[in-house]
Amino acid sequence: LLRKAVEIARKNPGVKNETLASTLVAMGNSLLMQMKLPEAEPIFREALELTRHADLETLQPETVQMLLASVLQKEGRLAEAEPVLAAALVGLKTHLGPDNPSVGYAQMGLSNLLMAQGKLNEAETQFRDAMAILRKSLGPEHPTVAMVGTNLAMILMQSGRLQEAEERCRETLALQKKVLGPEHAMTQQTEGLLRLLLDMQRKSTEAEKISTASSEAKNPEQEEIAAANKKAELAVSAMARSKFAEAEAALREALPVFEKAFGRTRQDVIGVRILLARALLQNDKPAEAAQAAGELLTDCRSVFGNQSSY
């Protein structure tokens with residue numbers, strides 16, 4: 001249907017650029033979710049050209065730039081994705097203001113992209129700026145602030161600044177235990193990173209203490225999350241085999257676990273929610289699919305803003 005809508009809009013000179021651009025973005029999103037990346041890229045580039053050369057009211061260039069950067073990044077074309085995401089960041093700051101959380105999320109994404117390319121000094125600068133925005137806009141003890149804090153420790157570790165990385169890791173771990181709880185998956189990951197940093201500095205006694213405390217602690221939530229991950233993997237496999245009823249059942253079991261552990265707007269949870277909406281649609285449940293998609297859209301707008309790629 002989206003392909004037909006795009007074809008009609010392209011052939012009809014009376015169709016507004018905004019309508020065509022929005023339809024292209026919807027089609028590109030559909031292709032992106034299906035990981036049809038070579039098809040999605042030219043669609044987003046066409047939409048981006050329309051946003052650049054027309055004064056559109058509801059669709060800004062940075063929205064399309066973030067989607068295009070996502071395609072390039074998933075294809076491993078990191079050097080090409082970097083300037084696209086950087087341009088999107090400039091646009092977000094212009095339209096939303098420098099302290100909007102969407103700016104912080106985009107800057108965090110740029111930091112991760114730079115780190116993946118080994119540009120550690122630039123990644124550190126972007127990360128610190130992003131964290132300052134998120135702390136100011138969301139609060140210093142917001143779950144998002146707690147969850148992403150480990151990234152700086154990883155940047156410092158890769159830079160060989162192990163003592164600084166350890167200090168940052170301890171600070172983040174203390175915040176995560178307070179905000180997320182000691183059994184949260186992210187808290188457990190940060191504990192693992194701290195043990196690694198201690199081992200790298202030959203502080204084996206301290207590392208053993210953390211390992212002992214961690215192994216003695218009961219962790220039912222971790223087991224529940226592991227089971228939910230398996231359900232999600234089964235759902236992805238079922239979707240690929242067009243077993244949509246099987247996928248829907250697995251996703252309905254997994255999603256509440258993920259939402260309880262990580263919240264409703266973490267990137268991987270958003271992915272599971274999108275999969276469920278798609279499964280509902282394929283199972284001839286358009287009303288439920290529309291409700292699921294509508295709730296997701298509302299959540300993303302409230303957390304990330306209207307111009308976010310989410």
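Small disclaimer: the values here were computed from a predicted structure and weren't measured. Just so you know, these numbers use all the heavy atoms, side chains as well, and skip hydrogens, waters and symmetry mates.
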Student: May I ask you to check whether over 12 heavy atoms, not counting those of Met157, lie within 6.0 Å of atom CE?
Tutor: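 Yes, the 6.0 Å shell around CE holds more than 12 heavy atoms from other groups.
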
Student: Would you list the atom pairs, donor with acceptor, under 3.5 Å between side chains in residues 33-43 and any protein atom, with sequence neighbours excluded?
Tutor:
residue: Gln34; atom: OE1; partner: Lys36; partner atom: NZ; Å: 3.3
residue: Gln34; atom: NE2; partner: Ser30; partner atom: O; Å: 3.1
residue: Gln34; atom: NE2; partner: Ser30; partner atom: OG; Å: 3.1
residue: Glu39; atom: OE1; partner: Arg3; partner atom: NH2; Å: 2.8
residue: Glu41; atom: OE1; partner: Arg77; partner atom: NH1; Å: 2.7
residue: Glu41; atom: OE2; partner: Arg45; partner atom: NE; Å: 3.0
residue: Glu41; atom: OE2; partner: Arg45; partner atom: NH2; Å: 3.2
residue: Glu41; atom: OE2; partner: Arg77; partner atom: NH2; Å: 3.2

Student: Between atom CE of Met108 and atom CD of Gln126, what is the distance when rounded to the nearest 0.5 Å?
Tutor: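 Atom-to-atom, Met108:CE and Gln126:CD are 10.5 Å apart.
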
Student: For the side chain of Glu248 and the backbone of Arg278, is there at least one donor-acceptor N/O pair under 3.5 Å apart?
Tutor: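 Not a single qualifying donor-acceptor pair exists.
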
Student: Would the number of heavy atoms belonging to other residues, nucleotides or ligands and lying under 6.0 Å from NZ of Lys203 be above 12?
Tutor: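 More than 12 within 6.0 Å, yes.
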
Student: Evaluate the side-chain proximity of Val145 to Pro140: yes if any heavy-atom separation is below 4.5 Å, no if none is.
Tutor: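 In short, these two side chains do not touch, never coming nearer than 4.5 Å.
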
Student: Could you state whether Val90 and Leu68 fall into the same hydrophobic cluster, counting links through intermediate Ile, Leu, Val, Met, Phe, Trp or Tyr residues with side-chain heavy atoms under 4.5 angstrom apart?
Tutor: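 In one cluster with Val90: Leu68, no.
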
Student: Scan side-chain atoms only and decide if Thr150 and Thr172 contain a donor-acceptor pair under the 3.5 Å cut-off.
Tutor: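 Side-chain D/A pair, Thr150 to Thr172: absent.
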
Student: Looking at every non-hydrogen atom in both residues, tell me the closest pair between Glu62 and Gly91 and how far apart they are.
Tutor: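 Scanning both residues completely, I find the closest heavy atoms to be OE2-O, 3.4 Å.
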
Student: Taking NZ, NE, NH1 and NH2 as the nitrogens, is one of them in Glu124 or Arg128 under 4.0 Å from a carboxylate oxygen of the other?
Tutor: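 Yes.
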
Student: Between Ser70 and Met66, is there a donor-acceptor pair closer than 3.5 Å when you use the side chain of the first and the backbone of the second?
Tutor: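 No: the side chain of Ser70 does not pair with the backbone of Met66.
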
Student: Any side-chain heavy atom of Arg273 within less than 4.5 Å of one from Asp299?
Tutor: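 The answer is yes; the side chains approach within 4.5 Å.
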
Student: Tell me if a side-chain donor or acceptor on Gln65 pairs with a main-chain N or O of Val84 at a distance below 3.5 Å.
Tutor: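 No; judged by distance alone, with no hydrogens or angles, the pair does not exist.
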
Student: I'd like to check the side-chain hydrogen bond (donor to acceptor under 3.5 Å, both in side chains) partners of Glu167; sequence neighbours left out, ordered by chain and number.
Tutor: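 Testing Glu167 for side-chain hydrogen bond (donor to acceptor under 3.5 Å, both in side chains), a comparison that skips the adjacent residues, returns Gln163.
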
